[in-house]
Every structure is written in structure tokens, then in C-alpha cells.
A.B. asks: 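The following block contains the structure, expressed as C-alpha cells.
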Amino acid sequence: MTGRYPTAASSYAGDIDGLILFIAALVFFWGILVEVVFFGFIFKFREKKGRKAEYVTGEEKRQKRWITIPHALVFVCDILIIVAAVRVWVDVKQTLPTPDATVRVISQQWAWTFVHPGPDGALDTADDITTVDELHLEVGKTYHYELESKDVVHSLSIPAFRLKQDAVPGRTIRGWFRPIREGTYDLQCAEICGIGHGLMPAIVKVESAAQHARWMDEAGRSALAAAPRPRAR
Amino acid sequence: MKPIATTRSATGIPTGRLAVWWLIASEIVIFGGLLASYVMHRIGHAEFGDYAAHTNTWAGAFNTLVLLTSSLSAVLAHEAAEKGQGPRAARMLLFTILGGAVFLIVKSFEWTAEIRAGYTLATNMFWSFYYTAAGLHALHVIAGMVAMAFVARDAFSNRELQRVELVGNYWHFVDIVWIFLFPLLYIAK
Amino acid sequence: MAQPANQEAPGSGTRQSETLAPPAGHGEHEGFFKKYLFSTDHKAIAKQYLFTGMFMGLIGAFMAYTFRFQLAFPGSHVPGFGVVSPNEYNALVTNHGSIMVFWVAMPVLIAAFGNYLIPLMLGCDDMAFPRLNRLSYQVFFLSVVVLLISLFVPGGGFGGAWTAYPPLSSKAEYSLTPLGSTLWLVAVALEFVAFLIGGINFVTTTMNSRAPGMKLYDIPIVVWMIVIASLVFMASVGPLVAGAVMLLFDQLFGTAFYDPARGGDPLLWQHLFWFFGHPEVYVVLLPACGIVAEVITVFSRKKLFGYKTVLYTAIATGIVSFFVWAHHQFVAGIDPRMANVFTATTVIISLPVAEMVFVLVATLYGGSIKLTTPMLWALAFIAEFIIGGVTGLFLGASGSDIYLHDTYFVLAHFHYTFVPIAIIAVFAGLTYWFPKMFGRHMNETLGKIHFWGTIIPFNSIFIPLFLLGLAGQHRRIYSYEGFPELARPELQQLRIIATVSLIVMLCFQLVFLFNFVRSMFRGRIAERNPWKANTLEWVAASPPPHGNFETMPTVYRGPYEYSVPNRDEDYWPQNQPA
Amino acid sequence: MTSSPNETHEAGPPASGDEPRAREADPAEHAQAAEHAQAAEHAQAAEHAQAAEHAHAAEHAHANPVRVWAILCALLVVSVVGPMAEIRLLTLITAFGIAGVKAYLVAKHFLRLGVERRYVAYALVVSVAFMVLFFAGTAPDVMEHRGRLWTNHAAQKEVERALKEAARDGH
């Protein structure tokens with residue numbers, strides 16, 4: 001997509017963009033076709049002196065064809081869209097690839113807490129690194145996320161990843177992403193969550209393996225000093 | 001004077017009765033939404049059974065009997081109205097109102113005992129559903145009683161006799177709701 | 001049934017009562033209050049709904065102006081309002097949404113047009129239950145009062161979006177608007193009650209009170225649409241009424257229906273809400289399509305293309321609309337497997353809706369199209385609604401909804417449906433039936449100025465918003481300065497374009513208000529049937545007196561017999577004997 | 001008419017039973033009317049005749065309401081006694097199966113749905129069907145506490161806690 005749109009920074013961003021383009025192609029075809037016919041009719045059948053309108057009931061089969069054939073074609077397009085949409089959906093939301101690491105995302109009014117697994121790669125151990133409003137990821141790795149909310153419904157949205165998932169209090173919702181492009185991206189809350197809803201921005205930092213290791217090292221030392229206790233469930 | 005619109009009947013069903021049917025249809029979805037939500041939680045939450053054990057089955061059963069009986073008198077009122085016997089229809093309606101009153105009195109004793117025992121609206125989800133569903137139903141009972149009082153007053157002087165059937169139909173619907181509330185709230189333990 | 005109680009069944013009276021002049025005690029000799037405020041006349045009640053809806057529309061428009069101004073120029077002083085704080089911003093967007101759906105679209109499209117048109121088009125003197133009708137408006141009016149109070153209570157108006165997802169809406173410590181949320185909820189519940197009462201009245205009247213000779217297929221499409229919409233509303237709102245009671249108890253008595261900490265489930269509300277919320281879209285769409293069908297047939301002098309097709313697609317739309325609600329919840333934490341089912345049903349609903357559009361376009365074929373103001377509005381409805389309709393496919397398809405959900409794309413999409421429905425179609429209806437309602441014509445020139453002044457800015461408001469949505473801008477944020485990806489100047493320019501267009505569009509509404517009020521008193525006097533239309537309301541005097549018709553009409557044919565071959569006139573009123 | 005908003009209060013002039021009522025136009029008056037209109041009126045007349053017939057048949061076909069009431073009472077006893085056996089299946093059948101039967105009896109004989117026009121019953125059934133639809137669409141999220149890629153910890157915890165508490169109370 002053009003520069004106006006967020007970078008496609010996750011492995012499935014391309015699939016979702018492709019789906020949007022596919023639907024756009026079908027929709028533009030139909031939309032423009034109907035609009036052209038529509039305006040054509042208005043122009044062609046405008047009031048003229050001495051010409052009386054035709055009497056067409058639209059009940060006869062011959063006339064109905066003008067409706068039923070486009071109707072059948074729309075149906076075919078519908079089926080194509082459903083198939084394409086479900087394929088993307090199953091890949092992004094319904095199945096989990098094997099992860100390299102799992103991060104926990106905890107939303108609350110009005111901040112994001114991210115629990116990174118730390119060097120040992122496992123959550124709920126002493127070397128977990130907890131950050132606020134800043135998520136650190138290594139490029140090319142597959143992450144699972146565990147999304148939780150402490151109070152109201154929030155929504156984890158990373159436009160560059162084409163990822164969106166509501167966080168529902170009381171539930172843990174799992175999903176995945178694989179960042180493929182280094183950079184710093186916006187992370188937003190996309191579900192209204194009270195007065196501070198607009199003040200809940202966070203950033204996602206996708207780093208190279210070396211950068212990520214360096215960050216983990218630094219953060220781990222300061223985290224150990226603060227001695228975070230493993231999160232009890 | 002009624003407008004001509006009220007007195008026409010293209011469907012063959014008198015306008016008033018048709019309206020009551022639609023009223024009942026819309027009430028079905030109101031109670032339906034509440035009960036569907038309750039049933040979902042009831043199946044998902046095994047502990048509801050333990051909470052339900054504290055409800056008074058006998059009071060519920062007695063109230064079912066009362067409502068069934070009041071429905072019978074509403075039918076008898078309708079039959080009287082069909083024969084043009086206004087005063088008899090009115091008496092039958094008064095008997096139905098009495099049934100509603102007995103229902104509410106039993107209910108209030110029941111609720112008093114339960115609230116004394118510490119089971120209030122906010123105790124837990126089961127009791128929330130219990131009071132909400134039964135309370136919504138009780139409101140319908142009260143509304144039915146008020147409507148019947150007005151209809152009975154007219155019926156005594158043989159006026160607006162078709163309304164006897166209309167309130168009756170509404171009352172039977174309230175009865176049917178209770179028929180489902182009774183096992184849902186009292187029996188399934 | 002043959003009981004004495006049911007004297008109302010036909011066949012027991014004399015024919016004279018059909019032709020009686022308006023009953024004594026009605027009509028001209030009533031006092032002001034009786035005539036305008038406590039009237040049981042369906043036309044008076046329709047006007048009450050119309051004016052209340054227009055008044056609420058002005059409030060909703062002012063809210064839109066305020067928060068659009070804040071978005072274009074964050075933190076600046078909004079003329080007429082002041083600096084917008086985050087909680088005021090939330091309250092503004094929440095109440096703008098609620099007002100435009102519940103207090104503008106519903107009362108104007110269903111209640112005002114329904115009340116005005118149903119008895120007139122069916123050839124009867126009033127609704128089947130005039131006093132129930134009055135009660136409906138009174139409850140509605142109460143809901144307006146409660147809503148307006150809710151905006152000014154301590155803590156501010158409710159700011160949890162018109163969807164009111166708990167726990168934000170159920171707990172004061174989260175929303176920080178304890179009074180605002182409760183009053184908002186009470187207002188919505190009262191509004192539902194008003195429309196339930198009204199809906200029962202509409203359905204019963206249409207089923208029972210039709211003029212002699214009017215068969216089911218002789219009912220004008222707009223009446224059908226309002227009836228189907230009332231039925232869909234009636235069947236979908238019930239669970240939400242129960243849900244609203246549960247939410248109210250959560251707010252007031254500390255019950256745990258939606259409190260996860262005590263076993264409740266916030267998702268239950270979302271299901272209850274959208275089980276109503278999605279059919280609601282079609283509740284307002286269908287009457288709008290009906291109005292457009294009436295206007296198009298009259299001004300192209302054409303029979304409606306496939307009357308039965310339109311009717312059946314409307315019914316199909318109504319039914320299918322019950323099967324699609326969870327597409328609003330694709331990413332809301334529902335089970336992902338369910339999303340596949342709801343994608344299929346959602347995309348399939350494009351079939352009946354597309355068919356409806358095809359039929360309306362096909363009706364133009366071979367016509368003699370006269371571009372009067374009402375016709376311009378009706379055509380604009382079709383042109384704009386096509387855009388609104390096709391963009392819905394991006395959101396109904398689960399895969400692309402992951403990205404577009406809760407962005408400005410959604411917002412632009414539903415404004416491209418709702419504005420044609422609640423604004424454009426309403427203007428079509430108002431300008432078309434104005435001569436009947438007030439007995440005078442509106443000014444055509446001013447009408448056309450207003451039309452172009454509304455349609456052009458409308459597109460330049462929402463096309464930028466589509467682009468912003470594609471750029472990932474999510475909704476209900478009072479300032480995008482904190483988001484580097486969204487704070488870029490080229491996106492800010494789009495926001496400014498949208499806001500300026502909105503202000504232009506609102507200014508042109510003053511033209512309409514001026515034209516409307518002036519024409520009511522000074523407009524050219526209208527005859528009974530100025531558009532040479534077929535339906536029965538044009539048989540009555542303009543404006544019709546209490547009781548509507550001097551002689552109750554009998555119906556001989558369908559409503560769309562225009563340009564019938566071998567006839568001199570190109571129209572053939574429904575009540576004219578062959 | 002008064003301006004009282006109280007709709008249940010009948011304040012208008014009494015419409016007594018023998019007051020002449022309006023009715024549909026007499027078909028004979030429109031001998032020259034279009035075929036269309038005539039056909040419609042015939043259809044209406046036929047409808048009415050049918051309705052009258054219905055009602056007529058109903059008066060004889062109606063079960064004695066007292067007998068229906070007696071059956072309902074007997075069913076009530078079964079629905080109370082049945083669950084006492086504390087067998088889950090029996091409870092379900094006696095409590096909910098019989099509730100269904102009772103509702104059917106009331107609807108048929110007291111509400112007289114049996115002799116009402118068919119579509120009324122259909123409309124009511126459709127209302128119920130929509131609620132079943134709502135249940136089917138909602139239950140996978142609300143009734144279940146664990147689904148594909150999500151777990152409702154809070155609900156699971158609440159069930160566990162409450163069951164433990166109940167066990168402690170010696171239930």
C-alpha cells in the first residue's frame with residue numbers, strides 16, 4: 001500500500017491487505033457498474049415532451065432476468081469473498097503456529113503492561129521483564145500473546161501488524177503474530193475504555209536479534225534489581 | 001367514539017385481540033432474552049444448583065396452582081362475556097384478580113423469608129436472576145390485575161365485553177411465563 | 001368469533017358510518033392543547049414526532065460539529081462550546097450516536113412517517129388505537145427529557161459509546177459518570193417502550209384497517225416497509241430490554257450480571273446488544289427504501305419494477321438480519337469458530353439488499369424522469385447508499401475486519417448508510433409529502449440549493465474518513481497527537497477537510513429550515529394531488545382534516561399504475577373506479 | 001374523549017353492545033366496481049365467513065375449561081413429585097417436559113390458539129425461534145468457559161469457589 005498506510009510489519013499483514021484489495025476489486029466493479037447504469041438511466045430517460053413512460057411491471061420472466069442474472073453473479077462474488085475471508089481468518093485468529101516465545105499483554109485503565117519472558121523464554125519465571133506502554137519484539141520470531149484486562153473491555157490494536165483483539169476482563173485470549181520488519185510502531189486501544197481512552201498509546205519496538213538481546217540484558221538487570229515477583233494465577 | 005380504523009377487521013380477527021397477540025409476541029422476546037441468558041449461566045455454573053436449593057418449592061408450587069386457577073376463572077369470564085353475561089364475567093374477573101393478589105402475597109412472604117436468610121438481589125448471580133425474572137413477572141401480574149379491574153368495572157354494566165377476552169389472553173400468557181419460571185427457578189436443583 | 005363481545009367484526013352495522021363526516025368533538029373546535037399537544041389524531045402525533053426528531057437532529061448535529069472541530073484543531077476553543085475535555089468528548093460521541101439512531105432516525109422514519117402515512121395510505125380515518133398512539137409519543141417525549149437531563153448531571157453525560165459495553169457502563173468507578181450512565185440507560189429503555197407500543201399499533205392498523213378492496217398487494221410499499229421494520233424491531237428489541245434491566249440493576253443494586261469478578265459475563269451484553277443492534281440497521285433502512293420507492297415511481301411515472309420482488313426481498317432482509325449480529329464482535333473475544341458462520345451470513349445479506357437496489361434502479365428504466373427536489377433526494381439516496389452498502393463487505397468479511405474493525409473505515413461505512421437513510425431519504429419524504437402535511441408547496445429553488453449544499457459536503461466529509469480508516473485511525477479518540485503514525489500532517493489535513501465540509505453542510509441546513517418554516521406559512525397553496533400520484537393520501541384534502549377523508553375510499557387497484565397504456569392520464573388513483 | 005394518558009381507563013362515551021358499528025362496504029353496492037375490488041371483497045367476505053365458522057366450531061370443540069384445569073393440576077403434581085427422586089434425567093423430563101405440556105394446554109385451550117387463525121400461532125412460534133437462535137449464537141461464548149484460544153478464568157474460578165463453599169456448608 002502507499003505511504004499513507006501503515007507499513008506491513010507482520011507476516012500476515014500481506015494476507016489481510018491482499019484480502020482487502022480482492023474485496024475492493026469486486027466491490028469497485030459492482031459499485032461502478034451499478035452507478036454507471038443508474039446515472040445512464042437518469043440521463044437517458046429524463047422527461048421529454050411528448051414521450052410517455054413505458055409500462056413495465058417487472059413481473060414477467062423476461063423482465064426479471066435483468067435482476068436475477070446480476071443477482072446470481074453477486075452470489076458468486078459473495079461466495080468468493082466468504083472463502084477468501086475465512087481462509088485469512090482461520091490463519092490469523094483460529095490457529096496457532098508453534099511459538100518462539102510468549103508475551104503477556106495486560107490492559108487496564110489507562111495503560112498497557114507487557115510481560116516479556118526474558119532470556120529463558122518462559123513466562124512466570126524470575127527473569128520476566130515487565131514494561132509499561134512499550135513492547136519489545138525480535139524480528140522474525142513467532143510470538144504468542146496472552147491478552148488480559150484488569151477492569152473494562154480494551155482492545156489491542158497494532159495497525160502495522162494488522163492485528164486487533166479485544167481484551168475482556170476475566171478472560172485470557174490467545175493469539176499470535178510474527179514481526180517481519182524492524183521499526184517502531186503504534187499500539188492503540190481500539191475499544192472505548194473511559195475518560196483516558198485517548199491517552200492510552202503505547203509503542204511496539206521490533207528489533208534485530210542483537211538489539212533485542214542487548215535490551216533484554218539491560219532491562220533484565222534493572223528488573224532484577226526491582227525484583228518483580230512472578231505473577232500468580 | 002371509536003374511529004372507523006378501530007372497527008374494521010380485514011383479517012377477521014378483531015383489532016383488539018390482534019393487538020394483544022402482538023403484545024404477547026413482543027413479551028415473549030423480552031422474557032425469552034432474560035430466560036435464555038439465565039439458562040446459559042445455569043448450565044455453565046454448576047453452583048447454581050446449590051443456590052437454588054434454598055428456594056421454597058412448596059411456595060412456588062402453590063403459586064403455580066393459584067395462577068392456573070386464576071387462568072381458569074379468566075376463561076370462565078370470557079365464556080360468560082361471550083354469552084353476554086356481563087356481571088358474571090365481572091365476578092369471574094374479580095376472582096382472577098383475587099388469584100393475582102394471593103400470588104403476590106405468597107411471593108412477598110417468600111421473598112421476605114429469603115431476604116432475611118441473606119439471599120438478596122446482589123448476593124450472587126443466581127439470586128440476581130431469581131429476583132429479576134420473578135420480579136419482572138410480578139410486575140406483569142400487577143399490570144394484569146389493574147387492567148382487569150378496569151375491564152371488570154365496565155363489564156358489570158355490560159360495556160366493552162370484548163375486553164374480557166383481551167385481558168384474559170394477556171393473563172394466560174403471564175400464566176405460561178410462570179409455568180416456565182417455576183421449574184427454572186425452583187425445581188432444577 | 002361470533003360472540004356478542006365482538007361486535008367489531010364487520011357486517012353488523014350500517015354503511016353510513018363509513019361516510020360520516022369527522023365525528024363531533026373532533027377537529028376545528030378544540031383548544032390549542034387538545035389539538036396540538038394531547039391530540040389523538042395520527043397526523044398531529046406524526047408532526048410531534050417529526051418536530052421532536054428534527055430538534056434532536058439539531059442537537060446531534062451540534063455535537064458532531066463540536067467533536068469534529070476538536071479533531072481538526074485539537075485543544076482549541078470550539079466556537080459555541082469551549083475547550084473539549086476528554087470526558088466531554090466521550091459524552092459527545094456517545095450521545096451523538098445514541099441521538100442520531102434512537103432519537104432522530106427512529107422517530108422520524110418510523111414514527112413520523114409511519115403515523116402520518118399508514119392511515120392515509122390505507123384509507124382509514126386514524127390509527128386503530130389513537131390513544132395508545134398518543135401514549136407512545138408521551139413515553140417518547142419523556143425519554144427525550146431524561147436523555148437531555150443526563151447530559152447536564154454532575155459528572156457529565158454518559159461516555160461509554162452508544163453500544164455501552166459493560167463493565168465500563170455498569171460500574172461508576174470505571175465510567176466516572178454514575179448519574180449520566182443510569183439516565184442514559186433509562187432514556188434508551190423508555191424509547192424502546194415507546195416504539196414497541198407504536199409498532200404494535202402500526203402492525204395492527206395495517207393488518208385490520210385497510211380500505212375496502214385493498215388487498216395485501218395493493219398496500220403501498222412504504223407502508224409494508226414500516227410494518228416489516230416494526231416487526232423486526234419488536235422481535236429484536238426484547239432481549240435488549242431484558243439486558244437493559246440487567247444493566248440497570250448492575251448499576252444501581254450491585255448485581256453481577258456483567259461483572260466477571262463475580263461470575264458474570266461482559267460478552268453477554270454485547271450479544272444482547274447486537275442481537276438488537278444489527279436488525280436495528282434494517283429497521284431504519286427499510287422505511288427509507290419505501291419512501292424512495294414511492295418518490296421514484298411518482299417522478300419517473302413508472303410502475304415499481306416487481307412489486308412482489310421488493311416485498312419479498314424486504315421480508316428476506318428482515319429475517320436474515322437476525323442471523324448476522326456477531327459480525328460486530330469478530331475481534332471482541334467471541335469464539336473464533338463462530339466468526340466463520342457469521343461471515344457467511346453477513347456477506348449473504350448483500351443478496352437481498354443488492355436486489356433492492358437493482359429493483360429501484362430498474363424502476364427508472366423507460367421512465368419519464370422529472371428532477372424535482374424530492375426526486376433528487378431519492379436518487380441521491382440510491383447513489384450514496386450503493387457506496388455505503390459495498391463498503392460493508394470489507395467489514396462483514398472476518399479477515400479484513402481484523403484490520404478495519406473500530407477504525408474510521410467503519411465509521412465512514414455506516415455514515416454512508418445512515419446519512420442516506422436518516423437524512424437523505426427523510427428529506428425526500430419531507431419534500432414529497434410537505435404539500436400534503438401543510439397544504440403548501442416548498443420553494444423548489446431553495447430546495448435544490450439545499451440539496452447540492454448537502455450532498456457535495458456529505459461526500460467530502462466521509463471519503464476522507466474512509467482514507468483515515470484505511471490508515472489505521474481508530475475511533476473515539478479525542479486527539480491523535482499521541483500517536484506518531486496518526487499525527488502526520490497529511491492525515492491531519494484529511495481531518496480538517498472533513499470538519500470544514502461538515503460545517504459547510506450544517507450551514508446549508510439553515511437554508512432548509514428557512515424554506516421549511518417559510519413554506520409552512522407563505523408557500524404556494526397546494527392542491528389535493530399536486531404530483532399526480534396514485535396512493536390514497538392524495539385523495540384527501542391538503543392538509544387532511546381530522547378524520548382524513550370526506551368519503552371513505554374503496555380501492556380498485558395497486559398503488560403504482562403509472563403510464564398504463566391506452567389511458568389518457570399517466571396515473572390512475574387507487575380509488576378511481578375503472 | 002379526555003386527555004388522560006391512562007390508556008386502560010376507558011373514559012370515552014360507552015360503546016354499548018348494540019350500538020351500530022361500521023363495517024366494510026357492501027359488495028352489492030359496488031356491482032360495477034372493478035373486478036379487482038370485487039374479488040378482494042369476496043376474499044374478505046370469505047375470510048369472515050371462515051372466521052365465523054371457526055368460532056362456531058369452536059364453541060362445540062372447546063374442551064371444558066374445568067377439565068383442562070384439572071389436567072393441569074395433575075401435571076403440576078407430577079412436576080413437583082418427579083424431581084424428588086433426584087434423578088437428573090427424570091428431573092429434566094418432569095420439570096421441563098411437563099412445563100412444555102402445560103404451556104401447550106394453556107395456549108391451546110385457554111388462549112384458544114387452536115381455533116385462532118394459524119398465522120398467530122406461527123408468529124408466536126417465530127418469536128420463540130428467535131430466542132433459540134439468540135441462545136445458539138451466544139451460548140458458545142457465555143455458557144462455555146473455555147473455547148478455541150480463550151479461557152474464561154474468572155468464571156471457572158467463581159464456579160470452583162462457590163462449589164467449595166457449598167461443600168463446606170455441608171450440602
Side-chain angles (χ1 to χ4, degrees), chain B residues 1-23 25-37 40-41 44-45 47 78-79 81-84 89 120-129 131-133 135-136 158 160-165, chain C residues 1-10 13 17-18 20 23-26 119 122 124-130 132 196 199-201 203-205 207-212 214 231 234-243 245-246 249 253-257 262-265 268 272 275 547 552:
Chain B
M1 172 121 181
K2 285 181 183 175
I4 291 166
T6 317
T7 52
R8 278 183 184 160
S9 178
T11 56
I13 304 175
T15 307
R17 195 162 82 213
L18 193 60
V20 172
W21 286 128
W22 287 117
L23 176 71
S26 61
E27 295 275 12
I28 285 178
V29 284
I30 294 178
F31 279 103
L34 187 61
L35 294 186
S37 307
M40 269 173 230
H41 279 100
H45 287 257
E47 79 272 20
H78 176 198
E79 287 191 346
E82 275 181 332
K83 293 184 191 123
T120 64
L121 182 64
T123 303
N124 57 46
M125 283 249 285
F126 171 78
W127 289 104
S128 302
F129 271 116
Y131 286 110
T132 309
L136 193 62
N158 268 327
E160 302 282 3
L161 283 187
Q162 82 281 1
R163 290 189 178 164
V164 175
E165 182 189 12
Chain C
M1 296 196 172
Q3 62 248 28
N6 282 328
Q7 297 280 338
E8 292 172 3
S17 52
E18 286 271 320
L20 272 181
H26 283 127
L122 296 180
C124 48
D125 53 352
D126 207 328
M127 282 287 180
F129 303 102
L132 215 53
L196 274 176
I200 290 174
N201 210 347
V203 176
T204 317
T205 306
M207 285 177 78
N208 253 356
S209 310
R210 301 193 298 277
M214 186 180 265
L231 288 175
M234 212 191 276
S236 63
V237 82
L240 188 57
V241 170
V245 171
M246 286 151 75
F249 283 7
F253 308 122
T255 52
F257 291 116
R262 289 160 63 209
D265 198 333
L268 175 62
L272 288 164
F275 186 80
M552 294 312 254

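In what follows, chains are A, B, ... by sequence order, proteins preceding strands, each numbered from 1. Every value quoted in this text rests on a predicted model; they were computed, and no experiment measured them.
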A.B. asks: Out of C/G238, C/G199, C/P119, C/C124, which one racks up the most heavy-atom pairs below 4.5 Å with chain B?
C.D. replies: C/G238
A.B. asks: Measure across B/A19 and C/I200 and return the closest heavy-atom pair with its distance rounded to 0.1 Å.
C.D. replies: O-CG2, 3.8 Å
A.B. asks: Identify which of C/V245, C/V237, C/V203, C/N201 forms the greatest number of heavy-atom pairs closer than 4.5 Å to chain B.
C.D. replies: C/V203
A.B. asks: Considering only heavy atoms, which portion of B/T120 lies under 4.5 Å from any heavy atom of chain C: side chain, backbone, both, or neither?
C.D. replies: neither
A.B. asks: What is the minimum heavy-atom distance between B/P3 and C/M127, and which atoms define it?
C.D. replies: CG-O, 3.9 Å
A.B. asks: Quick one: does C/P239's side chain get under 4.5 Å of B/V29's, heavy atoms only?
C.D. replies: yes
A.B. asks: Is there side-chain contact between B/T132 and C/F257, with at least one heavy-atom pair below 4.5 Å?
C.D. replies: yes
A.B. asks: Look only at the side chain of C/N208 and the backbone of B/I13, and say whether a donor-acceptor pair between them is shorter than 3.5 Å.
C.D. replies: yes
A.B. asks: Side chain of C/D125, backbone of B/A5: donor and acceptor closer than 3.5 Å?
C.D. replies: yes
A.B. asks: Using side-chain heavy atoms (C-beta onward) and a distance below 4.5 Å, is C/F129 in contact with B/T15?
C.D. replies: yes
A.B. asks: Rounded at 0.5 Å granularity, tell me how far OG1 in B/T11 sits from CZ in C/R210.
C.D. replies: 8.0 Å
A.B. asks: If you look at every heavy atom in B/S26 and C/L196, which pair is closest and at what distance?
C.D. replies: CB-CD2, 4.0 Å
A.B. asks: State, with a plain yes or no, whether a side-chain heavy atom of C/L231 is found less than 4.5 Å away from one of B/W22.
C.D. replies: yes
A.B. asks: Looking only at non-hydrogen atoms, find the nearest pair between B/A10 and C/M207 and report the distance.
C.D. replies: CB-O, 3.5 Å
A.B. asks: Need one label for B/F129: side chain, backbone, both or neither, based on atoms under 4.5 Å from any heavy atom in chain C.
C.D. replies: both
A.B. asks: Side chain from CB out, backbone as N, CA, C, O: work out which of these in C/D265 comes under 4.5 Å of a heavy atom of chain B, or both, or neither.
C.D. replies: both
A.B. asks: To the nearest 0.5 Å, what is the distance between OG1 (C/T255) and CG (B/N124)?
C.D. replies: 11.0 Å
A.B. asks: Which pair of heavy atoms, one from B/T6 and one from C/A128, lies closest together, and at what distance?
C.D. replies: OG1-O, 2.7 Å
A.B. asks: If you look at every heavy atom in B/R8 and C/P212, which pair is closest and at what distance?
C.D. replies: NH2-CD, 3.7 Å
A.B. asks: Which bit of B/A25 comes within less than 4.5 Å of chain C, counting heavy atoms only: side chain, backbone, both or neither?
C.D. replies: neither
A.B. asks: Go through the atoms of C/F253 and report whether side chain, backbone, both or neither lie under 4.5 Å from a heavy atom of chain B.
C.D. replies: both
A.B. asks: If you count heavy-atom pairs under 4.5 Å between each of B/A89, B/A122, B/A36, B/G33 and chain C, which one has the most?
C.D. replies: B/A122
